[in-house]
Amino acid sequence: MRLPPRLVLCGRVARAAREIRDSAERRRYLVHMLTSVLRTVSALGVVAALLATPTACEWMQNPPPAPPAPPQGPLGKPRLLRGMNLGNALEAPNEGDWGVVLDDADFPRVREAGFDHVRLPVSFSAHASLSPPYTIDESFFARVDWAIAHALASDLAIIVDLHNYDELMKHPEANAARFVALWTQVARRYRHMPEAVCFELLNEPHGDLTAERWNTLLASALHVVRANNPTRTVIVEGVDWASAKNLRDTLRIPDDPALVASFHMYQPILFTHQGAPWMNPEFQTTGIGFPGPPAAPVAPVPAAASMSWVREWFDRYNREPTATNPSGPSAVVEQLEMAKSFADARHMPVYMGEFAAIDNADLGSRVKWTRMTRQEAERRGFGWAYWDDGGSFKAYDRKGGDWVPELLAALRH
Ligand code: BGC
């Protein structure tokens, strides 16, 4: 339909007016946008700069940039040379039950004291359902995430150590599937973590978890870990509480290039665990020094004297010269030599994941034992972690933030 010229003109004027209005609005809109962008740019200069680069998207999609990598050994692995256990916290039934709650400041403090890693004992089994699929509590997992993030941010490697699965030690068959399911979940959750995050399959296998059972079970757990963590460092140890003897004699190591073999060193145990309340009566004699012999003979408590191995130990402790004394250097060297013969035979890295002497012993003896054990381990090429339990073995007081200076020195020089 053709419109009369006046109406055409009116229509054009109206359209022109609309266009002018629209373009004015568009301009105002553009000006508004530009202003707010400029405001954002000036307020968030760093973000704007990142957005302007192709890597910005990656940065926005992924977590913030990783902290500097921890010291790497061959194959890009963390070296795990000198470490601290963060004990009595996440391996307690609930964090805090045993007097230790981890704190942000723990991680930089350990790093600043010269350590390159932490070992984090974690009782996953105390925070997982008892029936399939044995789900680990999300809030507990989040706490482990927190510890990992803080270790990495402090340039520390971290060992996630499955600790205190007592039911597995008592009823290995009944708990085998649950143990593997725990590792399935842990491995999946941390599969994208840097190599500085390491796994330790099980702390101190013992009890009815015999060498034969453990060798089979560890292979199953390793299998699920390797499904999505093909190159991550995984630490394994032998039965009888991670003894050096069982490392050498009974641990069957799967063919795997990223395994580290571990042992714990608490010998002579009558010295390192003297008077420990969780130990049997034969360990309750205190006043044992290192190295022996003592200035005056030490008589074992009656419960200890009734056991022949303890009686003989005290006889020798009271009279043998230091070189052969059972609370002397030979007792330490004997253990480390067992681990060394394993390392030589298997050409595998060996790690001493726990060692410490309780504070019922005099400080001078603890310091001598700690320094000697640490030096002898290093001489044989073993990395180590001191058993800092936040309690009677501790080298530093997490609450006060104070190191026991003599023990710290023994670990350093
Ligand atoms: C145990 C601790 C114990 C320490 C020394 C650790 O593996 O979990 O409870 O204090 O060994 O006996």
Side-chain angles (χ1 to χ4, degrees), residues 83-102 117-127 144 147 159-170 179 198-207 209 214 235-247 251 261-286 288 290 331-332 335 339 351-361 365-366 369-370 373-374 377 384-398 404 407 411:
M84 261 298 143
N85 279 278
L86 299 181
N88 274 0
L90 295 185
E91 87 276 27
N94 290 293
E95 190 181 5
D97 285 358
W98 294 348
V100 179
V101 174
L102 297 179
H117 70 280
V118 287
R119 179 171 177 264
L120 184 74
V122 184
S123 183
F124 286 109
S125 59
H127 299 274
V144 179
I159 299 167
V160 177
D161 149 46
L162 192 146
H163 211 96
N164 279 352
Y165 194 169
D166 292 341
E167 285 303 304
L168 177 66
M169 313 300 175
K170 288 184 201 142
F179 174 71
C198 309
F199 295 155
E200 182 168 329
L201 292 183
L202 181 65
N203 181 66
E204 298 185 345
H206 63 271
L209 189 54
W214 172 228
I235 297 174
V236 291
E237 57 221 53
V239 295
D240 194 19
W241 311 86
S243 72
K245 185 171 186 321
N246 278 281
L247 171 67
L251 184 64
S262 178
F263 71 105
H264 293 178
M265 185 19 211
Y266 288 108
Q267 295 297 340
I269 190 131
L270 288 169
F271 164 71
T272 64
H273 279 64
Q274 53 187 289
W278 64 94
M279 298 294 281
N280 289 338
E282 62 268 29
F283 297 97
Q284 300 307 321
T285 312
T286 52
I288 304 168
F290 184 92
V332 172
Q335 298 295 314
Y351 173 70
M352 187 168 71
E354 288 186 18
F355 73 111
I358 198 164
D359 62 4
N360 290 330
S365 292
R366 293 172 75 204
W369 180 89
T370 301
T373 305
R374 194 261 305 161
W384 49 260
Y386 184 79
W387 176 252
D388 189 303
D389 61 352
S392 38
F393 288 88
K394 70 174 177 293
Y396 87 100
D397 172 8
R398 287 187 206 126
V404 179
L407 280 176
L411 293 171

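Start at 1 and go down the list; that is how both ligands and their atoms are numbered. Just so it is clear, the values below take in all heavy atoms, side chains as well, and ignore hydrogens, waters and symmetry mates.
Contact annotation: Trp241 has no heavy atom less than 4.0 Å from any atom of ligand 1.
Atom CG of Asn85 is separated from atom CD1 of Ile159 by 8.0 Å, given to the nearest 0.5 angstrom. Rounding to the nearest 0.5 Å gives a distance of 10.5 Å between CD1 of Ile358 and OG1 of Thr286.
Residue contacts with ligand 1 for Asn203 involve side-chain atoms from C-beta outward but no N, CA, C or O (heavy atoms, distance under 4.0 Å). Of the heavy atoms in Glu204, only side-chain atoms (C-beta onward) come closer than 4.0 Å to ligand 1. Within the 4.0 Å heavy-atom criterion, neither part of His264 lies near ligand 1. Residue-level proximity to ligand 1 for Trp387 is carried by the side chain, the only part with a heavy atom below 4.0 angstrom.
Annotation for ligand 1: atoms under 4.0 Å from non-hydrogen atoms of Glu354 are 4 (C), 6 (C), 7 (O), 11 (O). Within ligand 1, counting atoms from 1 as listed, the ones closer than 4.0 Å to a heavy atom of His273 are 5 (C), 12 (O). Counting the atoms of ligand 1 from 1 in the order shown, those under 4.0 Å from a heavy atom of Trp278 are 10 (O), 12 (O).
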Exercise. Could you go through the side-chain contact (heavy atoms from CB on, under 4.5 Å) check for Lys394 and Asp389 one step at a time?
Key: CA-CA 5 Å; Lys394 70 174 177 293; Asp389 61 352; 4.0 Å; yes

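Aromatic rings of His273 and Trp241 (six-membered ring for Trp) have centroids beyond the 6.0 Å cut-off, not under it. Tyr266 and Phe355 have their aromatic ring centers separated by at least 6.0 angstrom.
For the pair His163 and ligand 1, the shortest N or O to N or O distance falls below 3.5 Å.
Side-chain contact check for Trp384 versus Arg119: every heavy-atom pair is 4.5 Å or farther apart. For the pair Glu237/Phe263, no side-chain contact is recorded, criterion being any heavy-atom separation below 4.5 Å from C-beta on.
Atom 8 (O) of ligand 1 is flagged as protein-proximal [any protein heavy atom, distance under 4.0 Å].
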